[in-house]
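Per chain, numbering begins at 1; letters A, B, ... match sequence-line order. Scope of the values below: all heavy atoms of this structure, side chains included, with no hydrogens, waters or symmetry mates.
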Amino acid sequence: MNEHDRARLSAYLDGVLAAPEAQALERELGARPELAAELAALRTQEAALARAFAPLVRTVAERTRGLALPEPTSARPTVRRRRGAPLLWLAMGAAAGVLATGTLLDWGRLPGAPTPAPAPEARAALAFARLEQAIGAVELVSDTAAAALATGTELVPGARVRTSTGAKCTLVLADRTRLFLDAGSELVLAAPRQVALHQGRVFAEVQPSAERFRAEAGASVVEVLGTRLDLTQRIGEPGSENAGRALTELALLEGSALLCGTRVEAGQLATAIDGRFEHAREAKDLLLVTSWVNELLAFEPGREREFQERVDALLAMLGRTKVAHLYEWEIRSLGDHCALPLLRYVESEGSRAESRQRHEAIRILADVADVTQLAGLAALLDDADPEVRVSAARGIVRLTGGLPGDSPGSFAEPDFAERAARWRAVLDRR
Amino acid sequence: MPDDEAEQVMRARAGEREAYAELFRRHAPRVGAVCCARLGWRGPLDDMVQETFTRAWSELGSLGSAERFAPWLRGIALHVCADWQRRSGREERLLVPLAEPFDPPARADEGDGPDEEGRALLDAVDALPEIFRETVTLFYFGERSHQEIAATLGISAAAVNARLGKARALLRESLARDA
């Protein structure tokens with residue numbers, strides 16, 4: 001028995017031996033008993049190995065069913081969340097502090113939070129463009145050098161901004177157009193309403209104007225008057241159909257745009273290669289395609305309505321898709337920014353007709369709420385829907401420790417009203 | 001690689017999570033096999049699979065050719081396992097002076113795990129040299145295709161066959177010695 005025989009037997013066992021060789025081996029098996037014995041032993045071992053591995057395969061499959069990705073590090077809360085504080089008074093004390101001062105306490109900036117630019121009133125009117133906020137290292141580059149760019153720095157026409165791996169930034173132009181630059185991107189601010197994306201990805205909120213906003217991406221050109229768009233520029237991978245070619249992808253959220261002279265409508269994902277329009281198709285879900293921007297939006301004031309709309313849209317998807325966990329993950333990835341929209345949704349009259357989404361919303365809220373939502377959760381303790389009551393109680397227990405003897409599950413029982421009144425009385429006293 | 005996989009990778013890279021979920025379903029057993037080969041069958045395989053896909057999602061932009069997704073994912077899985085080994089090694093060093101000899105948690109054989117014969121066989125697989133261990137594990141974790149294993153490992157199908165043949169022989173010898 002040599003290596004060649006072993007390889008042949010192994011291939012024969014797995015059914016990958018070519019037909020002529022397999023027939024030759026079968027003839028040989030009759031003449032060589034030791035070869036036949038080896039094959040029989042391998043077959044026995046084969047069955048034993050399959051049996052031995054089966055529980056492992058099953059275990060991995062069961063424990064990783066679905067893509068239960070943990071919450072990403074993006075969109076971290078701007079206010080430190082108190083998780084599972086042991087005593088009710090601790091949380092209520094914090095809530096009282098919020099109410100008394102009318103403002104959220106500044107518990108410091110979390111690691112990973114962007115470096116904020118100086119307050120607007122401290123700045124002079126913007127002449128051209130400014131680096132508004134940055135997560136990670138952002139550089140101003142030329143052909144020969146690169147220098148770190150500090151937030152708040154004003155930029156001049158021709159400025160070339162680059163984000164390193166893991167970094168993102170927001171640029172604001174004089175006309176209040178906002179450009180969100182993804183990691184590993186390079187963008188040139190050519191003129192007041194003209195940019196050039198050399199590589200990577202930019203999300204643009206273009207202020208409406210009679211003057212066209214022009215974004216060049218390689219040899220491709222996007223022209224809009226005012227809209228929100230997501231633009232990607234990259235080179236085709238070696239070995240792929242478009243190897244070495246400049247690929248431009250445009251996702252349009254509103255209105256219309258011209259990509260290399262061809263009209264693209266809202267909701268479409270369009271592609272151009274080497275400056276030529278290729279095709280446009282309906283994007284399955286632009287909310288998910290553009291979710292990378294949330295990390296930057298989460299730190300911008302005045303985005304509450306946007307987050308509410310986003311959470312509502314994501315909640316609506318939970319009941320419509322087989323990959324609901326992806327949408328749930330997306331909601332959770334908004335961090336504290338999803339808590340108030342979730343509460344508003346559960347409180348709304350309209351949500352009562354959508355019990356499945358309402359249950360999902362209160363379930364997530366119970367996990368992510370902070371002390372500023374305690375009053376809202378307390379109000380839901382005598383909701384007509386037992387699942388809502390139980391989840392609301394679970395959220396309160398997470399934040400305060402709850403009351404001895406009353407488990408969240410007890411709010412599913414008929415005497416919930418009395419229990420809810422007792423909990424609210426304690427919360428009110430505190 | 002299935003015909004539609006490169007497109008799915010491209011779509012996932014463009015942010016389409018449904019495409020990534022499909023890649024997850026297709027590749028999770030393969031990643032489990034890679035982790036099993038690296039950490040042994042008693043390792044925290046489910047956690048490693050989860051961590052691999054979480055990390056891969058955030059690093060999809062660094063993937064070169066979409067056709068290289070399987071070996072790229074394997075590389076990430078190996079890094080994830082190495083990180084876990086470093087972490088558990090540190091914990092082990094801290095624990096050893098205080099506790100009994102370190103006994104790794106037998107997570108995979110909790111409940112409906114392999115029987116005694118299966119455990120002996122899996123231990124014998126764990127004792128194989130790494131290149132054979134990984135090939136065998138990939139095969140029995142449900143891959144069952146020399147071509148797919150070859151794509152994952154970045155070697156030829158003939159090399160996969162040679163490794164499987166050698167691994168099976170080594171296993172027979174090992175089990176005969178222990179019998």
Side-chain angles (χ1 to χ4, degrees), chain A residues 1 3 6-11 13-14 16 38 41-42 45-46 48-64 66-70 72 165 182-184 230 232 237-241 243 249 251 269 283-285 288-292 321-323 325-327 329-330, chain B residues 6 10 14-18 20-21 24-25 28-29 32 35-36 41 45-47 49-50 53-54 57-58 61-68 107-115 117-122 125 136-137 139-142 144 146 157-158 161-162 164-166 168-169 171-172 175:
Chain A
M1 180 77 54
E3 290 297 323
R6 279 203 193 97
R8 279 197 305 156
L9 286 176
S10 191
L13 196 66
D14 296 341
V16 296
E38 180 70 13
L42 281 176
Q45 181 175 281
E46 168 80 9
L49 277 166
R51 276 198 308 277
F53 272 94
L56 300 192
V57 177
R58 217 166 32 240
T59 303
V60 168
E62 283 169 3
R63 290 185 178 169
T64 58
L67 189 58
L69 289 166
T165 306
D182 199 3
D230 186 272
T232 304
E237 306 294 344
S240 70
E241 186 187 349
E249 285 178 337
L269 193 61
K284 275 190 178 170
D285 192 338
L288 296 184
V289 170
T290 58
S291 63
W292 66 271
T321 174
K322 283 187 275 186
V323 287
H325 57 283
L326 295 182
Y327 290 90
W329 178 54
E330 193 59 40
Chain B
M10 305 280 270
E16 286 190 33
R17 296 178 183 204
E18 280 175 331
Y20 192 69
F24 170 81
R25 280 191 289 276
C35 298
C36 181
W41 68 277
L45 306 185
D46 45 325
D47 290 348
V49 171
Q50 196 74 49
F53 278 90
T54 306
W57 172 248
S58 64
S62 70
L63 169 63
S65 165
E67 278 80 6
R68 299 271 307 152
R107 300 182 49 160
D109 62 350
E110 285 167 1
D112 183 23
D115 56 21
E117 183 199 7
R119 286 199 291 273
L121 205 45
L122 291 170
V125 170
V136 164
T137 309
F139 186 84
Y140 289 100
F141 240 89
R144 299 276 173 165
H146 290 205
N161 185 54
L164 276 173
K166 179 71 176 172
R168 284 164 169 156
L171 281 174
R172 280 200 65 205
L175 293 169

Pairing residues for A:Glu249 by the side-chain hydrogen bond (donor to acceptor under 3.5 Å, both in side chains) criterion, not counting sequence neighbours: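 For A:Glu249 there are no side-chain hydrogen bond (donor to acceptor under 3.5 Å, both in side chains) partners, ignoring immediate neighbours.
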Just jot down the side-chain hydrogen bond (donor to acceptor under 3.5 Å, both in side chains) partners of A:Glu46, sequence neighbours excluded, or say none.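 If we apply the side-chain hydrogen bond (donor to acceptor under 3.5 Å, both in side chains) test to A:Glu46, skipping adjacent residues, the hits are B:Tyr140, B:Arg144, B:Arg168.
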Please flag which part of B:Cys36 lies under 4.5 Å from any non-hydrogen atom of chain A: side chain, backbone, both or neither. side chain
Restricting to non-hydrogen atoms, name the atom on [X] and the atom on [Y] that form the minimum distance, rounded to 0.1 Å.
| X | Y | answer |
| --- | --- | --- |
| B:Val125 | A:Leu49 | CG2-CD2, 3.9 Å |
| B:Gly165 | A:Arg6 | O-CD, 4.0 Å |
| B:Asn161 | A:Ala7 | ND2-O, 3.1 Å |

Roughly how far, to the nearest 0.5 Å, is OG1 of B:Thr137 from CG of A:Leu56? 9.0 Å
Any chance you could measure A:Arg51, atom CZ, to B:Leu121, atom CG, to the nearest 0.5 Å? 9.0 Å
Indicate yes or no: does A:Glu237 engage B:Arg68 in a salt bridge with an N to O separation below 4.0 Å.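 Salt bridge between A:Glu237 and B:Arg68, a charged N being under 4.0 Å from a carboxylate O: no.
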